[in-house]
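Below is one structure; the comments refer to it alone.
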Amino acid sequence: MFKKSLLILTLSSSIFAANEIYKEEQDSNGTSLTKKTAVSKTEKYQFFANNLETKNNIITASGDVVIISKSYYMTAQRVIYDKENETFELFDQVVVLKDNNVHSNSNYSFIDMKSGDFSQTPTLLLSNKSLLWINSTKSSKKEEIIKLQESVLSSCNCNEPDWSIDFSSANYDTKSQWIETYNNKILIGSTPVFYVPYLAFPTDDTRRSGLLMPTIGQSSTDGFFLSQPMYFAPREDYDIELVPQIRSNRGKGIYSYLRYADSPYSTLYFGVGVFQENNDYFVDNNLKNKNHYGYNILYERGNVFSRKNDHQDGLYINIDWINDIEYKNLEDDNHKESYEKKIESKVNYFYNTPEYYTGAYFTYYLDTSLNSNNATMQKLPQAQFHTYSKPVLFDKLLYSTDTMYTNYNRKEGANADQLDLTLPLTYTYFLFDDYLRVTLKNTTTLTRLNYSNTISSFKDGTFIENQSVLTLGSDLTKVHEDFIHTINFKTDFVLPKTLTKSGDLHGITTKDQELEPFAVSQTKKTIDFSLNHSFYDRDDLMQIINHKIKQSVIYDDFDTKFSDLENEITFNHILGNITNRVVYSQEDNEFTESSSGLNVEYKGYFFNATHYASKDTANSGKENLESYTLKAGVKFLDDYTLTYEQDYNIQKHLVSKDTYSLGIDDKCWNFDIKYGKELVASSNQSDNSAIYQDIIYFTLELKQLGGVNFTQKLKEK
């Protein structure tokens, strides 16, 4: 039986001056093993080959050659190594893997280990850091730059790629992972579809400056539309995005966005923009403003002043201001967020310790449906101080405090300064081997209102109330063979007593509508019943069913009645979940509110639905509303997703969203197409303040290269 000898050679420039050392051994299969040990000036190389020859400074290995070092793994059929110049020449079936990252296949390679330069003919370059591969007829590397000639590039499978770029030459910077290609033909399959004289793009996911995916569109009203985001990342702690846009029939504008991390505990987002309408479009569409502008500041930070481990503080700023709703409609889809008619801005700060919590809150409302917000009520500022429960006299008797100050302010209409003080005192003990929990709670509340800027003359109001509550409750758990059952029930006996009611208090001493924003409510005598129980799987503790029910009995000296009955149930199963919540008015003898949800996913199919309804009755205080949302679809052939979505207002017989979409997410490319009807707000000064749009969207992304968004507005009304 023929046995092929295996020669292992380790090279050393320092030992080559000494006598060569050979050692004959046998491996576990009895194969002859010859070793020669040496170390080069750059690093240690270990050779495996069928044949080995050494002459002067040249070592020649042939037959299934394998070379291993700290940085390289190389294979070939023949290798010539010049130990003095530290160069390798590799012939036939050459594979070079460097730093376990860059992988190349070729017929011939020359590598200078001192400089790292090389040349290969032809070559296939692969990188573990990205999906890209490059097949080149000739390549050479000097310093950090690889020059490529007559090459093909793609991130798809090497055999018959879905897309590829055929280019005449390229420069690939291995340090910055950046490639520039010339005379590019973009092919879909084997068909050329586009010619680009120059392309430049990254080959990894590192943050860097450059162009992002553009959006191209067409509309009968806006005309041709082009938006080209430009991204700048000068440092790791901040970046900037500029999004200029042009609409040929409508106008032009620019939006900009800044992200900045000023500390390890904080992030800043700042967006600002402006859009100028063409005069004809502005007049023909009867818009509120010719120029639309606005800004948004979002800042979150922790550890502002806190330094102790058990202390926390945080600053939250979210300021959103626009001069009209068109500013939001014209914003780039990647930054556009859903918004309500009344936009809320906040500046909040809190400081929390084991003993107390304090906070300051500033809230500003911008009603986009109004020409002026002078009559919109603002809360500038609110201040809160809360002390956590502490024992007094003995351990089970606990007290805490909560103080809240609110300044209700606006330029037109009544204003008020409101002070609320709450002083609860609680005592809890257990009976019958801890099966019954008894809680006695006495709470004194004070509300003080100082009015200003009123039309009528009002007296400042003071309301003080004492509330005594007896709570009987129990928390039980029982383990069954297949499931665990937990149950919590409690009954609250609430007995309030008014200590002081002086001045003008809306809802108590006056019904004047001017004071309605500052209404004060008296606590009613009630008995509150509540039940919350759940079933859990015994093995994985997953909740199967949760059921909550709540009912109150309101009683006074003259009448006793039931309040609203609330019932909520959630059923979780292996395919999804079902939820339902209903409110039943005992006084009106009918359901006044309900909400339901269904989520199902099975073998690629998915279905999500919600329904909400409320009813205006004599005692509900609710509006007549009814709507539903649907989202259904299927995932198939691994990469394909077909989806349908609809939002429908049953009360107004109004479809606000109706879309069909197909998404294909392949390993090397992504394609999305969506057709839909959407209802968007408008600043049109006519009675109709919303626009129906029939839109078709396309998104094509060639992964690692880039892509394009396309929008076509088919109809507007």
Return yes if a side-chain donor-acceptor contact under 3.5 Å exists between [X] and [Y], otherwise no.
X	Y	value
Asp616	Asn624	no
His533	His485	yes
Asn619	Ser585	no
Asn407	Gln382	no
Asn442	Ser468	yes
Tyr316	Asn318	yes

(message) I need the single residue from Thr579, Thr610, Asn580 that forms a side chain to side chain donor-acceptor pair (under 3.5 Å) with Ser596. Which is it?
(response)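 Running side chain to side chain donor-acceptor pair (under 3.5 Å) over Thr579, Thr610, Asn580 with Ser596 returns exactly one hit, Asn580.
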(message) Let's go through Asn466 and Thr444 carefully: what are the C-alpha distance in whole Å and the side-chain angles of both, what is the deciding distance for side chain to side chain donor-acceptor pair (under 3.5 Å) to 0.1 Å, and is it a yes or a no?
(response) CA-CA 4 Å; Asn466 192 77; Thr444 302; 2.8 Å; yes
(request) Apply side-chain hydrogen bond (donor to acceptor under 3.5 Å, both in side chains) to Tyr351 and list each qualifying residue two or more places apart in sequence or on a separate chain. (result) His311
(request) State which residues pass side-chain hydrogen bond (donor to acceptor under 3.5 Å, both in side chains) with Tyr605; sequence neighbours excluded, sorted by chain then number. (result)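 So Tyr605 forms no side-chain hydrogen bond (donor to acceptor under 3.5 Å, both in side chains) with any residue.
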Applying side-chain contact (heavy atoms from CB on, under 4.5 Å), can you list everything that pairs with [X], at least two apart in sequence or on another chain?
X	result
Thr401	Thr387, Leu423
Ser656	Asp647, Leu679
Tyr388	Asn352, Tyr357, His386
Leu446	Leu421, Arg448, Ile464

(request) Taking the six-membered ring for Trp and the single ring otherwise, decide whether the centroids of Phe385 and Tyr356 are under 6.0 Å apart. (result)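 Yes - the distance between ring centres of Phe385 and Tyr356 falls below the 6.0 Å cut-off.
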Could you name each residue pair satisfying ring-ring contact (aromatic ring centres under 6.0 Å, His included) that touches [range], not counting sequence neighbours?
range	answer
residues 607-630	Tyr628-Tyr648
residues 578-600	Tyr584-Phe591
residues 398-427	Phe394-Tyr427, Tyr408-Phe518, Tyr427-Tyr429

When you measure from the side chain of [X] to the backbone of [Y], do you find a donor-acceptor pair of N or O atoms at a distance under 3.5 Å?
X	Y	answer
Asp313	Phe305	yes
Asn649	Gln651	yes
Asn572	Gln543	yes
Asp537	Asp540	yes

(request) Any pair with a residue in residues 463-477 that passes salt bridge (charged side-chain N to carboxylate O under 4.0 Å, His left out), sequence neighbours left out, goes on the list, sorted by first then second residue, please. (result)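 Qualifying pairs: Arg437-Asp475.
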(message) Just so I know, are the side chains of Leu425 and Lys441 near enough to count as touching, which here means a heavy-atom distance under 4.5 Å?
(response) no
(message) Does atom CZ (Arg259) have a neighbourhood of more than 12 heavy atoms from anything else shown, all under 6.0 Å?
(response)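 No - once you tally the heavy atoms of other residues, nucleotides and ligands closer than 6.0 Å, there are 12 at most.
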(request) Answer yes or no: does atom CG of Asp310 have more than 12 heavy-atom neighbours from other residues, nucleotides or ligands under 6.0 Å? (result)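 Correct, the count exceeds 12.
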(request) Find the distance between CG (Asp402) and OG1 (Thr443) and round it off to the nearest 0.5 Å. (result) 11.0 Å
(message) Taking ring-ring contact (aromatic ring centres under 6.0 Å, His included) as the definition, give me every residue that meets it alongside Phe270, ordered by chain and number, with sequence neighbours left out.
(response)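 Counting only residues at least two positions away or on another chain, Phe270 forms no ring-ring contact (aromatic ring centres under 6.0 Å, His included).
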(message) Once you measure the plane-to-plane angle for His573 and Phe571, does it fall in the parallel (<30°), tilted (30-60°) or perpendicular (>60°) bin?
(response)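 Taking Phe571 first and then His573, their aromatic rings sit tilted (interplane angle of 30° to 60°).
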(request) Enumerate the residue pairs fulfilling side chain to side chain donor-acceptor pair (under 3.5 Å) with a member in residues 496-520, sequence neighbours excluded, ordered by first and then second residue. (result)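 For residues 496-520, and leaving out neighbouring residues, the side chain to side chain donor-acceptor pair (under 3.5 Å) pairs sorted by first residue read Thr498-Gln522.
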